[in-house]
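Take a look at the structure below.
Bear in mind that the values here come from a model prediction, so they are computed numbers and not experimental data. When reading the values below, keep in mind they use all heavy atoms of this one structure, side chains included, and skip hydrogens, waters and symmetry mates.
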2 protein chains.
Amino acid sequence: MTEREPRTVRRGRPRQAEVARLAGVSQTTVSLVLGGNKQGIVIQEATRDRVLEAARTLGYVPDPAARRLAAARNNLLGVFSFTATFPTEVEHSYYRFLVGIEQEAAARGYDLVLFTGSSSGGAGAGAPGALDRVRLADGCLLLGRHVPSEPLRRLVADGFPLVHLGRRDEPEGLAWAGADYAAASAEVVEHLAGLGHRRVLLVREDDDAQASADRQRGFLDGLAAAGLPAPEGTVVRTARPAAEIDAAWLRARHAEGVTAFVAEETDTGDAWRALTAAVSGAGLRVPEEVSLALLGSPPADLAGAPEPTGFDIPRAEMGATAVRLLTDLLADGHRPSQALVTCAFRPGSTVAPPPRRASPPPPRPPSP
Amino acid sequence: MTEREPRTVRRGRPRQAEVARLAGVSQTTVSLVLGGNKQGIVIQEATRDRVLEAARTLGYVPDPAARRLAAARNNLLGVFSFTATFPTEVEHSYYRFLVGIEQEAAARGYDLVLFTGSSSGGAGAGAPGALDRVRLADGCLLLGRHVPSEPLRRLVADGFPLVHLGRRDEPEGLAWAGADYAAASAEVVEHLAGLGHRRVLLVREDDDAQASADRQRGFLDGLAAAGLPAPEGTVVRTARPAAEIDAAWLRARHAEGVTAFVAEETDTGDAWRALTAAVSGAGLRVPEEVSLALLGSPPADLAGAPEPTGFDIPRAEMGATAVRLLTDLLADGHRPSQALVTCAFRPGSTVAPPPRRASPPPPRPPSP
DNA sequence: CCTCTCGACTAATACGCATTAGCTGACGGG
DNA sequence: CCCGTCAGCTAATGCGTATTAGTCGAGAGG
């Protein structure tokens, strides 16, 4: 039942052998001319030209798999993410990474392979072997907060060149390019303190990502640096921001003397979303009565709203840095290294000095 | 002086051969058990179990490169665009294509290769042989309006599986997945006519893209279907919309009895941008005094403005369709085909019946 | 008995490229 | 005049897996 099409279906893709035949030389010579020829074998100018000419006319392109198998390089960098690389939600944060990744990869002569295993349509990132497909490329970039450890550990142990986008200490020796959330978060807090705020709260989602932890640490460091206390309840961690961070909750905190709220940015932006909703639900004006800050960028659908004070994550730069790290790894096989990219403070318009009168806010009629 | 490390440096990664030795079978059997065994060769339950057990204890993971080499296909789909795939401008239209492409590719077990050659950092899409690199994949998707014909023609002639995103008749036999701009444009015009508009103008940029031509055709077809004339000047084509479509121009057209303006969507959105600017410059209210429609989606930076009446280009669906076309091509080697995806009409809020006061449109002699 | 399936595997080979041993003819020194 | 270089190639392998031809023993059928 198997149709044994002889040579007809032969994909147009030419091999070195075909090039060799056309140029009247051996396959070896073709490999020598087109490949690196690191052995320093001497080839005559004329021969070399014939080969190049033949390759051009046939449109020869090396097979990445074969190249890889023969223990050489592909010039392919993998990109693997643990959720779809292009999520359906508009303007997902990965896009910005990709901008930097593509540019830097292009500049260094690498093409990109997007491993789609984890996309919703596919088998899922959890599928056994999904991560192993990256071995097709020379090295791979990892995106996403929630990366399964076990397969990763294995890759690292085998010495496969990997760079994680975002700080990650988990498998010992994994290289990464991260944003300096801690420093940026501290800066935001110190900015608030400088304006006169004494009681500042951090709202974070119930998430164990390193990025969340870093922000919290920076937040607390910022408080400490400003000489402010961090009593119990200073960091609010909730799995369901929309439900728990509501107008009543916010009014209560405000009544206790909290004048500024800080939210972390996450994939969904839920913390920030809940916070802003709660504030407007409570009828408080921003920034006159209460200051808000966002440790990251606002979700795209809130683009119309006033620009939140906080910082911007230099995603494109992180992507470029990660590519740089990876290609360096490929080049000199140095041991994995890591890089922190600085975030840019964004002044925004959601913070101001706290209201003068230290008394609790006036009771307002419920909004219609 | 060749370092012939015997077994020591043997990559921690075991091969099928090692598994075979441990299980006391041949490498072939291992391949049969662990691979698909599409040949339907019968293996005893006990043997199969021994192999699986051995594979587990050794932590065997198949080498994707070898697998793809042996399979004579690499399960890679190329994505080639003639501008950077991830342009720096926010929310570029390619993103939406990619959403669909990634999903569908994942669902069909393909990974994606992004050819970065055309990115700003690289050699540029014009570089000789830039397009030839796509031969590395099993097939390739082409994005972008302005695709150089010559290298493309070659690829097509060689039978390399290619699908263009967007209608394209140029190289005979090129497959494509396009949006049905003509039908959608006609629908918009008929909608306007149904509301009572008699004089409708189309503003298009000076661009020879097929997409522009299709919209114009649909626009004219729509007029015809509604029984409206299309006198000279009904289609306004300008290279510099911002300069030529200004308040004065708009006021003049309005005075002539034109009650609705339609703009095409382009990469830049300049036509629409100019049109809206001109209308507000002319002090005309939308949609009370003048109706506007956009053949496509508005640029992202105009997201705050009222939603334009028009249609949405189903980009994700187009991407998915293109992938489907391409994989079908790969599977049964059928001759290239094309697919039109329907655009969804978007009611929006920029059109309304024309103003009541029937300042009689100048009875112009319809040109024959 | 001896050929003939048939079940259950295994040996051999192909995939496309890189690499490593040759191999050949020209030239030069002794 | 013979051997050793050496420039310039080519033949032969290997990489890890999938596939295709067997191979081999055990029953079945004649």
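A:Ile41 has its CD1 atom 14 Å from the P atom of C:dG22, to the nearest Å. Put simply, CG on A:Asp132 is 12 Å from P on D:dT17, counting in whole angstrom units. Atoms CZ (A:Arg21) and P (C:dC17) sit 13 Å apart, rounded to a whole Å. Atoms CD1 (B:Ile43) and P (D:dT19) sit 14 Å apart, rounded to a whole Å. In this structure, A:Asn37 atom CG and D:dG8 atom P are separated by 12 Å, rounded to whole Å. Nucleotide D:dC9 holds its P atom 14 Å from the CG atom of A:Leu34, rounded to whole Å. Protein atom CG of B:Asp63 is 14 Å distant from nucleotide atom C1' of D:dG14, rounded to whole Å. Rounded to an integer number of Å, the gap from CZ of A:Arg135 to P of D:dC15 is 17 Å.
At a threshold of 4.5 Å between non-hydrogen side-chain atoms, the residues B:Gln16 and B:Gln27 count as touching.
Between the side chain of B:Asp158 and the main chain of B:Phe160, no donor-acceptor pair closer than 3.5 Å is present.
Using a cut-off of 4.0 Å between Lys/Arg side-chain N and Asp/Glu carboxylate O, B:Arg108 and B:Asp328 are scored as salt-bridged. Salt bridge absent: B:Glu53 and B:Arg50 never bring a charged side-chain N and a carboxylate O closer than 4.0 Å. Using a 4.0 Å cut-off between charged side-chain N and carboxylate O, B:Asp111 and B:Arg68 make a salt bridge.
An OP1 or OP2 oxygen of C:dA8 is reached within less than 4.0 angstrom by no side-chain nitrogen or oxygen of B:Thr47. Note on A:Arg67: a side-chain N or O is less than 4.0 Å away from OP1 or OP2 of C:dA18. Within the 4.0 Å cut-off from OP1 or OP2 of D:dC9, at least one side-chain nitrogen or oxygen of A:Gln44 is found.
Mapping B:Val42 and B:Ala71 onto DNA chain C via the closest heavy atom, the residue that lands nearer the 5' end is B:Val42.
Nucleic acid contact class of A:Leu69 (heavy atoms, under 4.0 Å, all strands): base.
Between B:Tyr95 and A:Tyr95, the ring planes lie perpendicular to each other; the angle is over 60°, past the 30° to 60° tilted range.
A heavy atom lying under 4.0 Å from DNA chain D marks the following residues of residues 23-33 of chain B, by number: B:Gln27, B:Thr28, B:Ser31, B:Leu32.
Once rounded to the nearest 0.5 Å, the distance linking CG of B:Leu326 with CD of B:Glu104 reads 11.0 Å.
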